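Here the structure is a predicted model, which is why all the values come from computation and not from measurement. Keep in mind that the numbers below use all heavy atoms, side chains included, and drop hydrogens, waters and symmetry copies.
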2 protein chains.
Amino acid sequence: MRWTKGGGHGSRGYHHGNLKEALIRAALELIAEKGPAGFTFADAARWAGVSPAAPYRHFRDRDELLSDVALRGFEEFERRLTKAWDEGRPAPFAAFERLGKAYLAFAREEPAFYSAMFEAGIPLDASAELRAAGDRAFGVVRMAAEALLALLPAANRPPALMVALHIWSMSHGIASLFGRENAQRKLPMSAEDLLEAEVLIYLRGLGVPGI
Amino acid sequence: MRWTKGGGHGSRGYHHGNLKEALIRAALELIAEKGPAGFTFADAARWAGVSPAAPYRHFRDRDELLSDVALRGFEEFERRLTKAWDEGRPAPFAAFERLGKAYLAFAREEPAFYSAMFEAGIPLDASAELRAAGDRAFGVVRMAAEALLALLPAANRPPALMVALHIWSMSHGIASLFGRENAQRKLPMSAEDLLEAEVLIYLRGLGVPGI
DNA sequence: GGCGCGATGTTAAGAACATTTACATGCGCT
DNA sequence: AGCGCATGTAAATGTTCTTAACATCGCGCC
């Protein structure tokens, strides 16, 4: 019946055809509904329409499923950050602002991915793949930091790694405190504006020209 | 037998004497060991030496227990931040640095509290008490921000609330990404140094004199 | 002093979940 | 055609969640 490609979905036979993908989608649905702790292996199986034992053919346990979700999350995250950065066009500073907005947009639009990536307690080195994907995503921010620092005179140019970590921490702090529905606190401004102002002040502190 | 005060602990009769406190301590132990998702109501009961049904006399469900833990966490957090700030002595800037270090120290020394407060998915308005405690803790940062901004000429003085939110987001970002054992990433410097540098650059961007 | 009541714990029981084992199915390859 | 491996099911076991019925204790009141 070829589920893998083709889109149609009807009754199925003994075999599902693409259970692994279906389980990952189920996890995303369920995490989005009730948080990373709010879904069980059995839930995912039910959602996919298979028996409670079926998931064990694809994942050792719930954590491995979550880890796989996190992996795909980092990959999508990297795609979005890369697209937002767009190699620094038309100017590093404008691209940098897009990067921050993309970070927040990802947290808001893909809360299930974000939860699995940062809040589910999955250690980043659960697998080499996961760490590599996380590193690639961070690499985008680091590259952006380098491009921005190139605008500074070499004399007072701080380490790009440090600046990237700073930017990441600001974005992550705002996203996890104020970025989503279950935000911790009402704000007098949008999370986007709050982050933009924060980054702006920070860059002024670095002495980036034109700010 | 007076458990409530007295410290001694021996065999107990039918009643525990102070089960609610014991359950909260149990939750802290277990969260510290295995993360906020890594303990069950039954675990806590076992740890306290009572039957699995006993906790229901004190908490509606697991979330109410976690919420109580978070409440105490915010209270302790506020105490520590207040002590670190020490009314801005000897100078606002030095006190501000202590505040940041106290934030990270709390996340590192009380990971169970920190998890319950920020990562367990307990909404801040689970109870009015919880929100109030959270607001009081944030109030310390806000007060510190106001004191710092007083050093600026009134003309270019940004809103204290915004600055406090910025500081909070930096601290929280660093604490949750790099602050603890299960940190997401190896760092070329300590989390404390990373945060101090970040705040310094930010304050320079604000134009705080003497930085 | 004894009675009774409310608070606090226990036992017991049913449902849901996790996890393993033995079994069933069917796709793909020769 | 038929063999073999991957994939799914069924059933069984142990754990947890949650409620309901019962037990015990502390404490106020007469």
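- Atom-to-atom, CZ of A:R57 to P of C:dG26 comes out at 16 Å; the value is rounded to the nearest Å.
- Among the atoms of the strands shown, base atoms are found under 4.0 Å from some heavy atom of A:A53.
- Here the two rings, on B:F74 and B:F138, have centers that are 6.0 Å apart or farther.
- Separating the CG atom of A:N18 from the P atom of D:dA6 is a distance of 17 Å, rounded to the nearest angstrom.
- Look at CZ on A:F39: it is 13 Å from P on C:dC17, rounded to the nearest Å.
- In this entry the distance linking CZ of B:F41 with P of C:dT10 reads 14 Å, nearest Å.
- Cation-pi check for B:R62 over B:F39 is met; the charged atom lies under 6.0 angstrom from the ring centroid and within 45 degrees of its normal.
- Taking atom NE2 on B:H58 and atom C1' on C:dG9, their separation rounds to 8 Å, with Å as the unit.
- The side chain of A:V50 has D:dT9 as its nearest neighbour among C:dT19, D:dT9, D:dT16.
- One distance of note links NZ of A:K83 with CG of A:L99; it measures 13.5 Å at 0.5 Å rounding.
- Taking side-chain N and O atoms only, A:T40 has no distance below 4.0 Å to OP1 or OP2 of C:dA16.
- A:Y56 has its ring centre less than 6.0 Å from the ring centre of A:F41.
- Out of C:dT8, D:dC17, C:dC23, the shortest distance to the side chain of B:Y56 is found at D:dC17.
- No contact: B:R60 has no heavy atom under 4.0 Å from any strand.
- Rounded to whole Å, atom P of C:dT19 lies 12 Å from atom CD of A:E64.
- Both A:D43 and B:K20 lie close to DNA chain C; mapped to their nearest nucleotides by heavy-atom distance, the more 5′-ward contact belongs to B:K20.
- Straight-line distance from the CG atom of A:L30 to the P atom of C:dC17: 11 Å, rounded to whole Å.
- Going from atom CG of A:L65 over to atom P of C:dT19 covers 12 Å, rounded to whole Å.
- Taking the centre of each ring, B:Y202 and A:Y202 stay at or above the 6.0 Å mark.
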